[in-house]
Amino acid sequence: MVDLPDRRTNFVDWYLAVVEAADLTDKRYGVKGLNIWTRYGFLARRQLDAVLVREIEATGSEPVEFPALIPENEFAKEKEHIKGFDAQVYWVTKGGLSELDVALALRPTSETAIYPVFALWVRSHRDLPLNIYQIVNTFRYETKTTRPFLRVREIHFFEEHTCQTNEATATDRVRSNLAAFRRMAETFGLPYLSIRRPEWDKFPGAFYSIAFDIPVGGARTLQIGSVHHYRENFSGPYGIRYEDTEGTQRLVHQTTFGLSERLLGAIVAVHGDAKGVIFPSSIAPYDVVIVPIPSAETRVAVLGAADELADRLRRAGRRVRLDAGEERPGAKYYHWELRGAPLRLEVGRREAESRVASSVDRLGRKGRVAFDTAAVDVTARLAEFDRALGERARSAFQASFAVARSLEELAKAEHVYLVGWCGSEECGHRIETAIDGALLGVPEDGLPLDPGTPTACIACAGSDGVRWAVAGQPL
RNA sequence: GGGACUGUGGGGUAGCUUGGUCCAUCCUUCGGGGUUCGGGACUCCGAGACGCCAGUUCAAAUCUGGCCAGUCCCA
C-alpha cells in the first residue's frame with residue numbers, strides 16, 4: 001500500500017512522504033508554504049498545544065490574543081527588528097478598492113503589535129511582572145523550499161511576551177522559560193540542546209537569544225524554539241515604563257519565548273520509523289486504538305466486548321478509537337502504525353471469552369490488558385511506552401554528536417560537532433565556512449558528550465577563553 | 001533576485017525524443033455485489049487524468065509562446 005522511502009538513506013523524502021501518508025497535512029492547497037491542517041493533524045496539534053498551555057500557565061503566564069495586522073509605523077519602531085524581518089513580511093496595502101493610508105503588516109511575530117499596548121498596560125511596579133502568551137498564526141514570506149511543519153509561510157506560533165522590573169528579574173524569567181521548555185520536551189520525549197546564539201545570529205533586536213536545537217541526521221540540526229532577553233531594546237522605542245517604589249520612571253526589561261508547529265515536525269522526525277509516525281501518548285490524536293477481530297460466528301460477541309472495553313477506557317479519560325471498519329485486521333494494524341498510535345488493543349474470540357485484551361505498543365512490545373482493570377493497565381503501558389520512546393530518542397541523540405579537532409574534520413559533516421571556540425566572530429565565520437553551516441553557539445546547560453576541557457580554538461588555535469561550541473547545518 | 005528542470009485520475013506512473021496505432025498504460029485509491037476475516041484477502045462490476053490560455057497542423061498528452069503551480073541550484 002504505502003511504501004515509504006528509506007529513512008536512513010533518504011531522510012527528507014521519508015519525512016515528506018510520512019507526514020502526508022499519516023494524514024497529518026495536505027499540501028495541495030496550491031500556495032507555497034500554506035498547508036492544510038487535516039483532521040488528524042489538527043488533533044495532534046491540539047494535543048501538543050495543550051501541553052504548551054499547561055506548562056506555560058504553570059509558570060504564571062496568561063493567555064491573550066492580539067490582532068494579526070500591524071500598522072507600518074509601529075512595525076518600524078525598533079530598527080534592528082525591522083531590518084531582520086523586512087524581507088519576510090507580507091503587507092496588506094489595499095482595503096477593498098482603495099489603497100490604505102497606512103499599510104498593514106501581517107505579523108511575522110507579534111512584538112510590534114503587542115508593545116504599544118504594553119505601554120498602556122504598564123504604569124506601576126505593581127503591574128509587574130506582566131507575563132502573557134498567545135497561540136496564533138503568523139506569516140513569513142519564506143523564499144527557501146518550504147516543508148510541512150518545518151518551514152512554512154503561515155506558522156502556527158506560540159509566543160510568550162513578558163515585562164520585568166530589571167535585567168536580573170528578566171534573566172529569572174528566561175530561566176523559568178528554559179525550565180518550562182525542559183518539561184514540555186520531556187513530555188514529547190525530545191532530547192535537545194539549549195544553545196546561546198552568537199552575537200551575529202541572535203533574534204533581531206534581542207540582547208541575547210537562547211535557542212533549542214535537535215540533531216536530525218548527519219550534521220543537520222533543527223531549531224525547535226527560542227527564548228530571548230530583550231533588555232530595554234524594545235521598551236525604549238515603545239515607551240514601556242513603570243514607576244518604581246521610589247517614584248522613579250524606569251523602562252521594563254522584556255523577554256519572549258517562541259515555539260511553533262515545528263515541534264510537531266520534530267516529533268515526527270525524531271521518533272518515526274520505517275512503518276511511519278510514532279507519537280508519544282500525550283500527542284497522539286488517539287492514544288489507544290482498539291481493533292476487533294470478528295468472524296462470522298463470533299461477530300456479535302467480539303464487537304460487544306470491544307465496545308465495552310472502549311467505553312471503560314473513554315470513561316477513564318482515554319482518547320480511544322474503536323476501528324470497527326470492514327478492513328481485515330492486518331490492514332488496520334498497518335493503518336494505525338503509519339499514523340503513530342501508541343497502543344493497540346486487539347479483541348477477538350479469545351479475548352472476548354477471557355475478558356483480557358491483547359496489547360501491542362508502537363515499539364512492538366506485547367502484553368495483556370484485563371477488561372476489569374483496563375484503565376489502570378493502559379495507563380501503565382502508555383507510561384512505559386513513553387519512557388522507552390524517550391530512551392530510544394536519547395541514545396540516538398547522543399550518537400549524533402562528535403568532537404571535531406580540525407576544520408577538515410568539520411567539512412565531513414557526518415555529525416553535529418562540538419568544537420573549541422575562542423569566541424571571536426572571525427573564528428566563528430571560519431567554522432561556519434568549514435562546515436558549510438552555522439556555529440549554533442555555546443550550550444547553556446550541559447553538553448551531550450563529556451569531551452573534557454576545551455584546550456584550543458579549532459580555527460585560530462588560541463587558548464584564551466576557549467569554550468565548547470556546537471557547529472551544524474541548520475535545516 | 002538569477003538560472004535549470006518538472007506538471008498525465010485522489011496518490012504514484014507509461015506514453016512525449018520521431019504528432020495519427022490514445023474515447024491514454026499499469027499499480028494504488030474510491031463506489032457497489034459476493035466469498036472472507038488472529039499481520040497489507042480474493043473476485044466480479046463500476047468511477048476517476050493529459051495544469052491553464054492561445055498558436056501551429058488535416059490531426060496535439062506529444063511541437064511553439066504566455067501564464068499558473070511546484071522542485072532543485074546559485075545570490
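Letters A, B, ... are given to chains in the order of the sequence lines, protein chains preceding strands, and every chain is numbered from 1.
Qualifying side-chain hydrogen bond (donor to acceptor under 3.5 Å, both in side chains) partners for A/Lys77, counting only residues two or more places apart in sequence or in other chains: A/Glu74. Scanning for side chain to side chain contact (heavy atoms under 4.5 Å, CB included) contacts around A/Asn137 gives A/Arg107, A/Phe139, A/Glu154, with sequence neighbours left out. A search for side-chain hydrogen bond (donor to acceptor under 3.5 Å, both in side chains) contacts involving A/Arg381 returns A/Ser359, not counting sequence neighbours. The side-chain hydrogen bond (donor to acceptor under 3.5 Å, both in side chains) check on A/Ser226 picks up A/His228, with sequence neighbours excluded. With sequence neighbours left out, the side-chain hydrogen bond (donor to acceptor under 3.5 Å, both in side chains) criterion links A/Glu384 to A/Arg365, A/Arg387. Considering only residues two or more places apart in sequence or on other chains, A/Pro454 meets the side chain to side chain contact (heavy atoms under 4.5 Å, CB included) condition with A/Val466, A/Trp468.
Atoms CH2 (A/Trp336) and P (B/G40) sit 19 Å apart, rounded to a whole Å. The CG-P distance, from A/Leu4 to B/U28, rounds to 17 Å in whole Å. A straight line from CD of A/Glu326 to C1' of B/U35 spans 13 Å, rounded to a whole angstrom. The distance from atom CG of A/Leu303 to atom P of B/C37 is 15 Å, rounded to the nearest whole Å. Rounded to whole angstrom, the span from the CD atom of A/Glu337 across to the C1' atom of B/G39 amounts to 8 Å. Taking atom CZ of A/Arg350 as the reference point, atom C1' of B/C37 lies 14 Å away to the nearest angstrom. Between the CD1 atom of A/Ile36 and the P atom of B/G11 there is a distance of 12 Å, given to the nearest Å. Look at CD on A/Glu327: it is 14 Å from C1' on B/G31, rounded to the nearest Å.
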I'd like a list of close polar pairs between nucleotides 41-43 of chain B and the protein, N/O only, cut-off under 3.5 Å.
from: B/A41; atom 1: OP2; to: A/Arg328; atom 2: NE; distance (Å): 3.2
from: B/A41; atom 1: O4'; to: A/Arg328; atom 2: NE; distance (Å): 3.4

Any protein N or O atoms within reach of nucleotides 7-10 of chain B? Criterion: under 3.5 Å, listing atom names and distances.
from: B/G10; atom 1: O3'; to: A/Arg28; atom 2: NH1; distance (Å): 2.9
from: B/G10; atom 1: O2'; to: A/Arg28; atom 2: NH1; distance (Å): 2.6

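An aromatic stacking contact between A/Tyr333 and the base of B/G39 is absent, as defined here by ring centres under 5.5 Å apart and ring planes under 30° from parallel.
Of the N and O atoms on the side chains of A/Thr109 and A/Glu111, at least one donor lies less than 3.5 Å from an acceptor on the other residue.
The aromatic rings of A/His429 and A/Trp200 sit tilted relative to each other, their planes meeting at an angle between 30° and 60°.
Counting only residues at least two apart or on different chains, the side-chain hydrogen bond (donor to acceptor under 3.5 Å, both in side chains) pairs with a member in residues 34-45 of chain A are A/Arg45-A/His156. Residue pairs satisfying the side-chain hydrogen bond (donor to acceptor under 3.5 Å, both in side chains) criterion with at least one member in residues 410-422 of chain A, sequence neighbours excluded, are absent. Sorted by first and then second residue, the salt bridge (Lys or Arg N to Asp or Glu O under 4.0 Å) pairs with a member in residues 257-268 of chain A form an empty list; sequence neighbours excluded.
Nucleotide B/C72 is matched to B/G3 when pairs are restricted to Watson-Crick or G-U wobble geometry with both distances under 3.5 angstrom. Within the shown strands, nothing qualifies as a pairing partner of B/G38 under the Watson-Crick or G-U definition with both distances less than 3.5 Å. Remark: B/G65 base-pairs with B/C53; criterion is Watson-Crick or G-U wobble with both hydrogen-bond distances under 3.5 Å. As the counterpart of B/G9, no nucleotide is assigned, since no Watson-Crick or G-U wobble pattern has both distances under 3.5 Å.
Residue contacts shown for A/Glu351 include a base, since a base heavy atom lies under 4.0 Å away.
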Within the 4.0 Å limit for protein heavy atoms, which parts of nucleotides 68-75 of chain B are touched? Write it as a string from 5' to 3', B for base, S for sugar-phosphate only, - for none. -SSSS---
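Between the side chain of A/Glu346 and the base of B/G39 there is no donor-acceptor pair of N/O atoms closer than 3.5 Å.
Around CZ of A/Arg467, the count of heavy atoms belonging to other residues, nucleotides or ligands within 6.0 Å does not exceed 12.
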